Amino acid sequence: MRFSLPLLLLPAAGALLWIGNPGPQDFAEFAGRELSERGIQEFCRDGVLPLMVNLMVDNCPRLFRDQREALGDLALQLSQRRNFGFFSLYKTEVGASGLLAQLPLPRYSLETLAVAGQFIVLRAESVD
């Protein structure tokens, strides 16, 4: 019996996807990096933070970057993972319920695809 090369490569590709499916800790690291950089873009511009906060915060970008791990852990707590073996989907709800419900933050819903060691944000929207 002869097998064609593409048929032989299919199990190998599947095995690589299975092994490369990022886990929860990988997601926490990704989310921490993303959230800290988005925080810098949102809050570390002139005139965004109140004057009193500006007086207390010496280096705004460093403040956010120093919180990467905590932000990642928080994102992981606010996310649900659906593991499909070859890939995972993470759904994150921020400000809607749970830990951040009492804070005056905008509500966001995000869906992130985790595949082959990468994270791709599929949907990010503000929820009214």
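The structure displayed is predicted, hence computed values, not measured ones.
Atom-to-atom distance recorded for L78:CG and D73:CG is 11.0 Å, nearest 0.5 angstrom. For the atom pair CZ of F84 and CG of N21, the computed distance is 10.5 Å after rounding to the nearest 0.5 Å.
Contact between T92 and S79 at its shortest, heavy atoms only, is OG1-OG, 2.5 Å. Shortest non-hydrogen contact noted between A124 and L110 is CB-CD2, 3.8 Å. The shortest non-hydrogen separation linking F119 to A114 is CE2-CB, 3.5 Å. Of all heavy-atom pairs between P22 and S88, the closest is O-OG, 4.2 Å. A pairwise comparison of heavy atoms in L113 and F87 identifies CD1-CD1, 3.6 Å as the closest pair.
Enclosure of atom CD in E37 by more than 12 non-hydrogen atoms of other residues, nucleotides or ligands within 6.0 angstrom is indicated. Other residues, nucleotides and ligands contribute over 12 non-hydrogen atoms within 6.0 Å of the CZ atom of R123. Shown here is Q80, whose CD atom has no more than 12 heavy atoms of other residues, nucleotides or ligands within 6.0 Å.
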Test Q67 against L35 for side-chain contact (heavy atoms from CB on, under 4.5 Å), laying out the working first. CA-CA 9 Å; Q67 298 306 312; L35 289 172; over 6 Å; no
Please step through side-chain contact (heavy atoms from CB on, under 4.5 Å) for the pair L89 and L122, ending with a clear verdict. CA-CA 9 Å; L89 289 175; L122 300 174; 3.9 Å; yes
Without placing hydrogens or testing angles, list every side-chain donor-acceptor pair under 3.5 Å for residues 24-33, not counting sequence neighbours.
residue	atom	partner	partner atom	Å
D26	OD2	G23	N	3.0

